[in-house]
**Student:** 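This structure is in structure tokens; I'll ask about it shortly.
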Amino acid sequence: MKYRKLKGVQDILPPDISVWQFIEEKAGNIFRSYGYREIRLPIMESTDVFTRSIGETSDIVEKEMYTFQDKGNRSITLRPEGTAPFVRAYVENHLYNEPAPQKYYYMGPMFRYERPQANRYRQFYQIGAEAMGIDDPKLDAEIISMLSSILEAIGLKELNFEITSIGCKECRPDYIKALKDFLEDKLIDLCSDCGRRFKTNPLRVLDCKVPGCVKARKGSPPMVDYLCKDCGDHFEQLNNNLKKLNVQHTINPSLVRGLDYYTKTAFEVSSENLGSQSAVAAGGRYDGMVKEFGGPATPGIGFAIGMERIIPLINDSLKTTDGPELLICPLGEEAAEESLIIAEQLRAKGHWVEVNYDNTSIRSQLRKANRIGAKNVIVLGDDELENRKVALKNMTDKTEQIVALASDELLKILKTD
RNA sequence: GUGAGUGUAGCUCAGCUGGUUAGAGUGCCUGACUGUGGCUCAGGAUGUCGAGGGUUCGAACCCCUUCACUCACCCCA
């Protein structure tokens with residue numbers, strides 16, 4: 001084989017496409033019922049769109065971005081996530097001038113240079129939503145409820161909704177200090193990764209799976225205890241609203257976000273039925289980001305669903321392999337030409353009609369009809385051409401009906417199927 | 001970037017402590033059935049044994065290198 005696909009990308013073939021379309025359709029319908037409108041953005045941006053917002057020292061920026069120089073020596077990056085480009089577009093197109101909340105959704109590929117793994121790819125697809133201009137926790141509750149509706153509509157079960165608040169510019173530093181104070185004298189018990197995390201991103205120590213670290217951080221102060229008045233109230237109201245909306249969730253104070261721009265609400269949905277990469281969707285509030293992008297101070301909240309994370313959870317029965325409504329099997333050259341004409345007439349009426357191009361035995365043509373899942377078949381030979389009548393055979397119940405060899409006669413039969 | 005596992009037919013995989021001509025199942029094609037499918041039966045096609053090097057009288061099998069895939073760590077949807 002001369003060429004192979006790049007590491008971490010995948011070819012999505014027709015049997016799987018029906019699953020993708022199912023998800024996209026369900027999600028789109030629910031988005032629109034909540035007033036979210038589709039937005040389509042470029043898959044590449046100026047590199048600094050990401051470095052500033054995601055955080056210079058985050059793993060994504062440090063080692064996972066597909067970045068290259070274009071012919072004009074500009075640094076370009078294939079988007080590793082959807083929110084930063086969205087905020088760029090939001091500001092650039094002055095979308096904040098529309099009445100708040102402004103609500104958008106998108107579906108498309110993201111790119112991260114990571115080692116591929118089960119349910120993790122270098123090119124992966126996200127379905128995302130962003131709601132701008134409102135900082136009321138009712139909106140937080142509503143968007144989480146919408147996410148829940150989408151996942152439910154797709155038929156996912158055994159999901160865990162976890163939420164927390166990671167505070168804001170005011171209260172988070174206090175908490176980080178408190179956490180570091182707590183961990184300081186336990187540093188020897190932590191794994192080497194956590195030793196590093198202690199310096200770069202102490203919050204990360206909270207979700208380390210190494211048993212020694214789990215033990216060492218026992219009794220560590222929870223973030224929610226350190227929230228300022230504003231963040232604390234926000235979080236409390238969010239919880240109340242979620243209860244009223246009947247969204248089952250748990251509070252996980254050690255939930256950590258990988259991106260720097262998040263404030264207050266952070267949430268994640270995971271599945272017990274995936275491998276190690278169990279997060280199917282995640283999101284949070286980003287109240288400072290629009291201003292950082294040069295727009296007016298505007299709160300925002302959003303989430304993204306990982307397509308590749310939900311697809312393995314979907315029932316395989318959605319993988320359909322449809323066949324044509326009619327396969328025309330000609331015997332001989334004259335019949336073959338006549339077949340083309342009939343097929344064209346039926347297609348013009350919107351029917352899926354195939355013509356068999358192999359001039360082989362009727363047996364082998366019917367075998368083929370069976371294999372491609374044709375619903376009906378007509379055999380077109382010398383007799384049929386002469387009498388202008390054909391037997392239209394239903395492949396499922398084996399019945400045959402003699403009809404005139406004319407498109408509208410055939411049409412009548414096809415329609416009743 | 002780190003660690004482990006796996007590469008044999010289109011697909012799933014056998015192939016003993018190295019032994020001569022590399023197999024099975026499934027799928028594919030054809031026929032039995034002169035113009036009627038699925039079942040059955042018979043026949044047929046398809047492999048640089050991932051690649052390169054080495055050891056050996058002899059390598060799919062042992063050794064080295066390399067590539068690819070998979071899973072996990074890191075991190076994340």
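By convention in this document, chain letters (A, B, ...) are assigned in the order of the sequence lines, proteins followed by strands, and residues within each chain are numbered from 1.
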**Student:** Say you pick atom C1' in B/G7 and the same atom in B/C11; how far apart are they, in whole Å?
**Tutor:**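 15 Å, rounded to whole Å.
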**Student:** Sticking with atom P, work out how far B/A9 lies from B/A4, rounded to a whole angstrom.
**Tutor:** 27 Å
**Student:** Between A/Leu6 (CG) and B/A68 (C1'), how many Å, whole number?
**Tutor:** 13 Å
**Student:** Looking at B/U2, which nucleotide sits across from it as a Watson-Crick or G-U wobble partner, both distances under 3.5 angstrom, or is there none?
**Tutor:**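 WC or wobble partner is B/A72.
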**Student:** Rounding to an integer number of angstrom, what distance separates B/C63 and B/G23 when you compare their P atoms?
**Tutor:**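 Looking at atom P only, B/C63 and B/G23 are 26 Å apart.
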**Student:** Go ahead and name the base partner of B/G19; Watson-Crick or wobble counts if both distances stay under 3.5 Å, otherwise write none.
**Tutor:** B/C57
**Student:** Considering every strand shown, what is the Watson-Crick or G-U wobble mate of B/U36 when both distances are under 3.5 Å?
**Tutor:**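 When the pairing criteria are applied, nothing turns out to pair with B/U36, so the answer is none.
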**Student:** Please classify the nucleic acid contact of A/Lys368 as base, sugar-phosphate, or nothing, using heavy-atom distances under 4.0 Å.
**Tutor:** nothing
**Student:** Checking A/Thr164 against A/Asn252: is there a side-chain donor and acceptor pair closer than 3.5 Å?
**Tutor:**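 Looking only at side-chain atoms, A/Thr164 and A/Asn252 do not form any donor-acceptor pair under 3.5 Å.
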**Student:** Quick one: label A/Ala118 by what it contacts on the DNA or RNA (base, sugar-phosphate, nothing), any heavy atom closer than 4.0 Å.
**Tutor:** sugar-phosphate
**Student:** With distance as the sole test, does A/Glu45 use its side chain to make a donor-acceptor pair with the main-chain N or O of A/Phe50 at under 3.5 Å?
**Tutor:**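 Pair absent, no side-chain N/O of A/Glu45 close to backbone of A/Phe50.
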**Student:** Among the nucleotides B/G31, B/C75, B/G35, which one has an atom lying closest to any side-chain atom of A/Arg120?
**Tutor:** B/C75
**Student:** Look at all strands and tell whether A/Tyr121 reaches a base, only sugar-phosphate, or nothing, counting heavy atoms closer than 4.0 Å.
**Tutor:** base
**Student:** Could you tell me the separation between the CD1 atom of A/Ile372 and the P atom of B/G38, rounded to a whole number of Å?
**Tutor:** 15 Å
**Student:** Regarding B/C75, can its base be found pairing with the side chain of A/Arg112 as donor and acceptor, where the two atoms are less than 3.5 Å apart?
**Tutor:**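 Per atom types, no contact qualifies.
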**Student:** For the side-chain contact (heavy atoms from CB on, under 4.5 Å) test, which of A/Leu346, A/Leu410, A/Ile342 pairs with A/Val353?
**Tutor:** A/Leu346
**Student:** According to a strict under-4.0 Å criterion, is A/Lys63 in side-chain N/O contact with OP1 or OP2 of B/G1?
**Tutor:**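 No, because none of the side-chain N or O atoms of A/Lys63 sits under 4.0 Å from OP1 or OP2 of B/G1.
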**Student:** Looking for any heavy atom pair under 4.0 Å, which part of the strands does A/Val280 touch: base, sugar-phosphate only, or nothing?
**Tutor:** sugar-phosphate
**Student:** Whole Å only: how far is the CD atom of A/Gln10 from the P atom of B/A77?
**Tutor:**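 The answer, rounded to whole Å, is 18 Å.
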**Student:** Could you tell me if the ring centre of A/Phe86 sits under 6.0 Å from that of A/Tyr104?
**Tutor:** yes
**Student:** Using only side-chain N and O atoms of A/Gln117, determine if any of them is under 4.0 Å from OP1 or OP2 of B/C71.
**Tutor:**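 No, A/Gln117 has no side-chain N/O under 4.0 Å of OP1/OP2 on B/C71.
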**Student:** With a 4.0 Å cut-off, would you call A/Arg122 and A/Glu114 a salt bridge?
**Tutor:** no
**Student:** Nearest nucleotide by nearest heavy atom, which residue falls closer to the 5' end of RNA chain B, A/Thr396 or A/Asp382?
**Tutor:**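 So the residue in question is A/Asp382.
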**Student:** Please check the phosphate of B/U30 (OP1 and OP2 only) for any side-chain N or O of A/Ser364 closer than 4.0 Å.
**Tutor:** yes
**Student:** Could you pick out which residue, A/Arg122 or A/Met395, lies toward the 5' side of RNA chain B when each is mapped onto its nearest nucleotide?
**Tutor:** A/Met395
**Student:** Expressed in whole Å, how much space separates the C1' atoms belonging to B/C49 and B/U8?
**Tutor:** 4 Å
**Student:** Any cation-pi pair here, A/Arg112 with A/Phe124, using under 6.0 Å and within 45°?
**Tutor:** no
**Student:** Would you tell me if any nitrogen or oxygen in the side chain of A/Arg371 comes within less than 4.0 Å of OP1 or OP2 on B/C29?
**Tutor:**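 The answer is yes; a side-chain N or O of A/Arg371 sits under 4.0 Å from OP1 or OP2.
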**Student:** Take the protein atom NZ of A/Lys389 and the nucleotide atom C1' of B/G35, then report the distance between them rounded to whole Å.
**Tutor:**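 Roughly 19 Å, once rounded to whole Å.
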**Student:** Could you check whether A/Glu400 gets within reach of a base, just the sugar-phosphate, or nothing at all, counting any heavy atom under 4.0 Å?
**Tutor:** base
**Student:** Of all the choices, B/C69, B/G35, B/C75, which nucleotide is nearest to the side chain of A/Gln277 once you look at every atom?
**Tutor:**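 Per side-chain heavy atoms of A/Gln277, the pick is B/C75.
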**Student:** Between B/G35, B/C69, B/G31, which nucleotide has the shortest distance from any of its atoms to the side chain of A/Arg367?
**Tutor:** B/G31
**Student:** Tell me the interatomic distance from A/Leu366, atom CG, to B/C39, atom P, rounded to whole angstroms.
**Tutor:** 14 Å
**Student:** Think A/Ser276 has a side-chain N or O under 4.0 angstrom from the OP1 or OP2 of B/C71?
**Tutor:**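 The answer is no; no side-chain N or O of A/Ser276 sits under 4.0 Å from OP1 or OP2.
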**Student:** Using purine N1 to pyrimidine N3 plus N6-O4 or O6-N4 for Watson-Crick, or N1-O2 and O6-N3 for G-U wobble, each under 3.5 Å, what pairs with B/C28?
**Tutor:** B/G44
**Student:** B/U46 and B/A59: how far apart are their C1' atoms, nearest whole angstrom?
**Tutor:**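 Their C1' atoms lie roughly 24 Å apart.
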**Student:** Rounded off to whole Å, could you give me the CD1-to-P distance for the A/Ile362 and B/G31 pair?
**Tutor:**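 Going from A/Ile362 (CD1) to B/G31 (P), I get 13 Å.
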**Student:** Would a line drawn from the ring center of A/Tyr175 to the ring center of A/Tyr226 be shorter than 6.0 Å?
**Tutor:** yes
**Student:** Between B/C64 and B/G18, how many Å separate the two P atoms, rounded to a whole number?
**Tutor:** 16 Å
**Student:** Has the side chain of A/Gln365 got a donor or acceptor atom sitting under 3.5 Å from an opposite partner on the base of B/G35?
**Tutor:**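 When only heavy-atom distances are counted, A/Gln365 does not reach the base of B/G35 through any donor-acceptor pair under 3.5 Å.
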**Student:** Using a heavy-atom cut-off of under 4.0 Å over every strand shown, decide if A/Gly275 touches base, sugar-phosphate, or nothing.
**Tutor:** sugar-phosphate
**Student:** Suppose we define a pair by two distances each less than 3.5 Å, Watson-Crick or G-U wobble; what does B/G7 pair with here?
**Tutor:**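 B/C67 is the nucleotide pairing with B/G7.
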**Student:** I'd like the C1' distance from B/C62 over to B/U17, given in whole Å.
**Tutor:** 11 Å
**Student:** What is the distance from CZ of A/Arg115 to P of B/A72, rounded to the nearest Å?
**Tutor:**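 The answer, rounded to whole Å, is 13 Å.
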**Student:** Using the C1' atom as the reference point in each nucleotide, state the distance between B/A24 and B/A14 in Å, no decimals.
**Tutor:**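 Comparing C1' positions in B/A24 and B/A14 gives a spacing of 7 Å.
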**Student:** Hey, are A/Thr47 and A/Thr77 close enough side-chain-wise for a donor-acceptor pair under 3.5 Å?
**Tutor:** yes
**Student:** Rounding to a whole Å, what distance do you find between A/Glu114:CD and B/C71:C1'?
**Tutor:**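 Rounded to whole Å, this separation is 15 Å.
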**Student:** In terms of side-chain heavy atoms of A/Glu308, which of B/A77, B/C73, B/U36 is nearest?
**Tutor:**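 For the A/Glu308 side chain, the nearest candidate turns out to be B/A77.
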